[in-house]
Amino acid sequence: MKIAIFHDKTIVLDHLDRDKYQQIYMAGKNGELHCPVCKKKVQLFLGIQESPYFFHIHSPIDHCPEPVSVDVKTEQTQTQELNGFQLPKGRMITETPKSVEVFRPAKTIEPTVIFTKTAVKNSLDGSPYLQQLAGNGVVLDDNQAAAVMETKGSLLVLAGAGSGKTRVLTARTAYMLHVEQIDPRTIMLVTFTSKAAAEMKSRLLTYPNINKSNLNQLVTGTFHSIFYRILMFHDAMNWTSDKLLKKEWQRDRILKEAGKELDLSEKEFAYDLALQQIGYWKNSLLLPHEVQPSSDFEEKTAFLYRKYEETKQRENLFDFDDMLIGCYQLFMSSPALLEQYQNRFHYFLIDEFQDINKVQYELINLLSGKHRNVCAVGDDDQSIYSFRGSDPNYILEFEKDFPYSNLVTLEQNYRSSHEIVTASNSIIAANKMRRAKKMNAQFSSETPPKMFFPFDEEEEATMIVTDLQAQIAQGANPSDFAILFRTNVSSRAVFERLASSNLPFRIDLDSEAFYDRYIVRSALSFLKISLNEDDSKALADILPLLFLKQAALKDLKAISILQDCSFLEAISHYKTAHPFQEKKLKKAVTLIRTLKHFSPLTAIEKIEKDLGFMDFLKKRGNESNMLEKGSDDLKDLKVASKGFNSIETLLAHADHMTATTKEIKNLSKHFTDAITLSTIHRAKGLEYSTVYLIGAVDGSLPHDYALDSFRNGDFSALEEERRLMYVAMTRAKQQLYLSVPQYRRGKKANRSRFLSSILSKKNKTYFCQ
């Protein structure tokens, strides 16, 4: 059914502008839509699999006949405006006006490569132990077996997505221990997470002829845990755990103390971003005197870096990055000690080699200098951590440091369907800086990936949650699904839609509530103090944006008592050393007072344009951050505010969502069957039956910063963004949905340039058994 009644007026879907669909959807959820025939309540179906239609709430399978249509020209002269809608007075329109943007149905991405089900040859000849493993369910294909048995010399294992790299690493370790009788004390197995190390040990215990005594002699763990143990053994006095800066607030405190020398306000300067930048420099083995700042923000951060290191040295403290740097410096300053460890360790197995950074690489390079038996397992197509100092060139140029190394490529994807694998192959093949490889799937699901085209972020969230509800109602498990996004802030709309549904979902425990983000909270504080001029918390939040220091808060409270006025009014009486600033403060007070009379969107636009918000963001350093600019937070807040008619309802919603985020985090610990809401980075290494990738548009994926770099002649960031899309797509086993919103952050969006490689080919496929 394409017609409904809204406030006694007729809604005709085919003649409704796309930007109104979400409003009509919400009207239906609020019980404001009725069937034009039977007058019962209806709702708008807004999903992925079908075009929108109205359905009866209590009897969704029943359909009333559509009303009889009339001539379009007659009806076009009989319209009224209601809440921003141009609506016909009583009869339906049968022809779509040219000005109306129509709904675009989902598009299927058919594979262009013929799927032929071929049996993968299992290499068991000449290896009784591999036969034993197969008997235990650990079956290896030819290339996997080669990676397991090639134990002498250095080996690079290119392990494509879903190719069974963990199986190869564990089987190789077992083969070395049982078949080649290698002393376990000479083997170092390095992973990037303690969870991965524990999983490998657990798997090894299920292998034939492997026991705990052997495993306990292996040196296994993360880079940090292994090299910290070495530091503790040789210099326990200086590396005791009580001297470790475990919490971010401890490091943050040192930086803020140093920032006082530059007169940096705690609320004006982005100390969290400075800590991230310092970590990047340290992992790249750049000491304070070696840093070459490229912006004003980096100039300040470089100063803080120097002071930070001086404070740690003076107080005999260290952080997690120092564990690796300290061990590197220990080896470099003591050749005899380095040689001792070179003699101790003969074999190195490195997991996730594409994620390695400079200090980690140099440590392995030093320790393996004598025997050169390094087995590096990774996939340059999944190198997505450059912000931590990771560099795919360590895989691309592996033979330079290990000139006699062998190469084994694992090209069978045992995770994803043929349709998903061929689409992801087409995406990543466009990268120029990569090792040539082409993954092959082991099965066809005959359900190709789909692109769908929501109007904006709000409708995107609605369509995904509608689809989830339908699939779960048909028997799917919530844990089968993941919704992936480029940055945490991109999840705001889908989080809110899931929170208002009855679906269980989990989020990252360290993810921040959108409305609790500093920039968003500051903007909302202007709205709060407009409604309540004596809101002291809101007053404290807006002071930095008015370029007043927190010390002014005490003076303003005193002024409010002496002048018998509100906290907000006290700002207009505040005296500074600059008359022009006092004039601006008076003007700001007048403007802030008017905010409560506007819609939330208009009020936020006034904060942005008339109160110097952008100047504040530039001064604070947010605009120099590559991934999350403060102005982007403001744009997202404006999109969110469109759904509210008053400032009061927006603020109430913000408080509710912040509280809900905390509640979901607590519940996430206990959920065993829940939808996953995650960044692409967090989802790496995981898999789901169905994946929804949101925001597949330029500016989101690829991110704006990568596009800026590309325009300036640097394509490395753009290639990493393409790898991110590849990682996201290959998390899916059976079904993949790519969302291409028409508008993003209030502006027309362009489909992600990465998608051109799968859209430019003929949509034709054949399936062979």
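- Checked against the 6.0 Å centroid criterion, the rings of Phe115 and Phe443 do not qualify as a close aromatic pair.
- Under 3.5 Å, the side chains of Asp272 and Gln276 contain no donor-acceptor pair of N or O atoms.
- Around atom NZ of Lys748, more than 12 heavy atoms belonging to other residues, nucleotides or ligands sit under 6.0 Å away.
- Classification of Lys437 and Asp379 as a salt-bridged pair holds, one side-chain N sitting under 4.0 Å from a carboxylate O.
- Note that CD of Gln734 is 6.0 Å distant from OG of Ser689, once rounded to the nearest 0.5 Å.
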Yes or no on side-chain hydrogen bond (donor to acceptor under 3.5 Å, both in side chains) for Gln735 and Lys450, after CA distance, side-chain angles and deciding distance? CA-CA 8 Å; Gln735 186 63 68; Lys450 286 185 178 180; over 6 Å; no
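- Once rounded to the nearest 0.5 Å, the distance linking CD1 of Ile428 with CZ of Arg723 reads 7.0 Å.
- Classification of Arg486 and Glu721 as a salt-bridged pair holds, one side-chain N sitting under 4.0 Å from a carboxylate O.
- Looking only at side-chain heavy atoms (C-beta outward), Met729 and Ile427 come within less than 4.5 Å of each other.
- Salt bridge absent: Lys665 and Asp508 never bring a charged side-chain N and a carboxylate O closer than 4.0 Å.
- Between His681 and Tyr385, the ring planes lie tilted relative to each other; the angle falls in the 30° to 60° range.
- The main-chain N or O of Arg682 is found under 3.5 Å from a side-chain atom of Thr679 such that the two form a donor-acceptor pair.
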Between Tyr692 and Tyr737, does the ring pair (Phe, Tyr, Trp, His ring centres under 6.0 Å) criterion hold? Intermediate values first, please. CA-CA 5 Å; Tyr692 302 86; Tyr737 296 99; 5.0 Å; yes
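- Between Lys432 and Glu719 there is a side-chain heavy-atom pair separated by less than 4.5 Å.
- Checking Ser599 against Thr602 by side-chain atom types alone, a donor-acceptor pair falls below 3.5 Å.
- Under a 4.0 Å N-O distance rule, the pair Asp17/Lys20 does not qualify as a salt bridge.
- Classification of Glu687 and Arg731 as a salt-bridged pair fails, no side-chain N sitting under 4.0 Å from a carboxylate O.
- Using bins of under 30°, 30° to 60° and over 60° for the plane-to-plane angle, the ring pair Tyr21/Phe103 lands in the parallel bin.
- Across Glu110 and Pro448, no two heavy atoms sit closer than the pair OE1-CG, 3.2 Å.
- No side-chain N or O of Gln442 forms a donor-acceptor pair with one of His418 less than 3.5 Å apart.
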Step by step, work out the salt bridge (Lys or Arg N to Asp or Glu O under 4.0 Å) result for Arg751 and Asp698. CA-CA 6 Å; Arg751 183 189 67 213; Asp698 278 357; over 6 Å; no
### Task
Verify side chain to side chain contact (heavy atoms under 4.5 Å, CB included) between Leu524 and Leu637, making sure each step is shown before the conclusion.
CA-CA 9 Å; Leu524 294 178; Leu637 179 59; 4.2 Å; yes
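- Contact detail for Pro702 and Leu707: the closest heavy-atom pair is CG-CD2, 3.7 Å.
- The two residues Ala674 and Arg506 have their closest heavy-atom pair at O-NH1, 3.6 Å.
- At a threshold of 4.5 Å between non-hydrogen side-chain atoms, the residues Asp467 and Phe452 do not count as touching.
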Decide side-chain hydrogen bond (donor to acceptor under 3.5 Å, both in side chains) for Thr661 and Thr658; before the verdict, give the C-alpha distance in whole Å, the side-chain angles of both, and the deciding distance to 0.1 Å. CA-CA 5 Å; Thr661 301; Thr658 299; 6.0 Å; no
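- Heavy atoms only, all atoms of each residue included: Thr672 and Ser479 are closest at O-CB, 4.4 Å.
- Both tests hold for Arg104 against Phe453: distance to the six-membered ring centre under 6.0 Å, angle to the ring axis within 45°.
- With respect to the salt-bridge test (charged N to carboxylate O, under 4.0 angstrom), the residues Arg435 and Asp380 do not qualify.
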Inset, instruction - Evaluate side-chain hydrogen bond (donor to acceptor under 3.5 Å, both in side chains) for Glu419 paired with Ser444, printing each intermediate quantity in order. - result: CA-CA 7 Å; Glu419 294 74 18; Ser444 168; 2.6 Å; yes
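- A salt bridge (Lys or Arg N to Asp or Glu O under 4.0 Å) with Asp633 is found for one member of Arg521, Arg517, Arg745 and no other, namely Arg517.
- Between Asp381 and Arg434, at least one side-chain nitrogen of the basic residue sits less than 4.0 Å from a carboxylate oxygen of the acidic one, meeting the salt-bridge criterion.
- With hydrogens and angles disregarded, no donor-acceptor distance shorter than 3.5 Å links the side chain of Asp391 to the backbone of Tyr394.
- Here the shortest heavy-atom pairing between Ala159 and Leu410 reads CB-CD1, 4.0 Å.
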Stepwise, does the side chain to side chain contact (heavy atoms under 4.5 Å, CB included) test hold for Tyr280 with Arg388?
CA-CA 5 Å; Tyr280 173 83; Arg388 294 181 186 168; over 6 Å; no
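- The aromatic rings of Phe55 and Phe45 lie perpendicular to each other, with more than 60° between the two planes, well past the 30° mark.
- Taking the side chain as every heavy atom from C-beta outward, Arg744 and Ser700 approach each other to under 4.5 Å.
- Put simply, the residue from Lys642, Arg492, Gln23, Gln22 that forms a side-chain hydrogen bond (donor to acceptor under 3.5 Å, both in side chains) with Glu458 is Arg492.
- Counting heavy atoms from C-beta on, the side chains of Ser709 and Ser716 never come closer than 4.5 Å.
- Ile11 has its side chain within reach of Ile24: a pair of non-hydrogen atoms, C-beta onward, lies under 4.5 Å apart.
- Between Ser383 and Asp355, the shortest heavy-atom contact is CA-OD1, 4.4 Å.
- When each of Thr447, Leu736, Asn425 is checked for a side chain to side chain contact (heavy atoms under 4.5 Å, CB included) with Ile420, only Leu736 meets the rule.
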For Glu411 and Ser163, what are the C-alpha separation, side-chain angles and deciding distance, and is it a side chain to side chain contact (heavy atoms under 4.5 Å, CB included)? CA-CA 7 Å; Glu411 293 185 318; Ser163 63; over 6 Å; no
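- The neighbour count for Asp673 CG, taken as heavy atoms of other residues, nucleotides or ligands under 6.0 Å away, is above 12.
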Checklist entry - Given the rule in the ring pair (Phe, Tyr, Trp, His ring centres under 6.0 Å) test, do Phe481 and Tyr688 qualify, once you have shown the distances and angles that lead to the verdict? => result CA-CA 6 Å; Phe481 302 93; Tyr688 306 90; 9.6 Å; no
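- You'll find the side chain of Phe353 stays beyond 4.5 Å of the side chain of Lys165, heavy atoms only.
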**Message:** Assess the residue pair Asp714 and Asn712 against the criterion (side-chain hydrogen bond (donor to acceptor under 3.5 Å, both in side chains)); give the C-alpha distance rounded to whole Å, side-chain angles, the decisive distance to 0.1 Å, and a yes or no.
**Reply:** CA-CA 6 Å; Asp714 178 9; Asn712 293 325; over 6 Å; no
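- Taking 4.5 Å as the limit, every side-chain heavy atom of Met439 sits out of range of all side-chain heavy atoms of Gln412.
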TODO: Please step through ring pair (Phe, Tyr, Trp, His ring centres under 6.0 Å) for the pair Phe505 and Phe495, ending with a clear verdict.
DONE: CA-CA 9 Å; Phe505 68 101; Phe495 173 87; 5.6 Å; yes
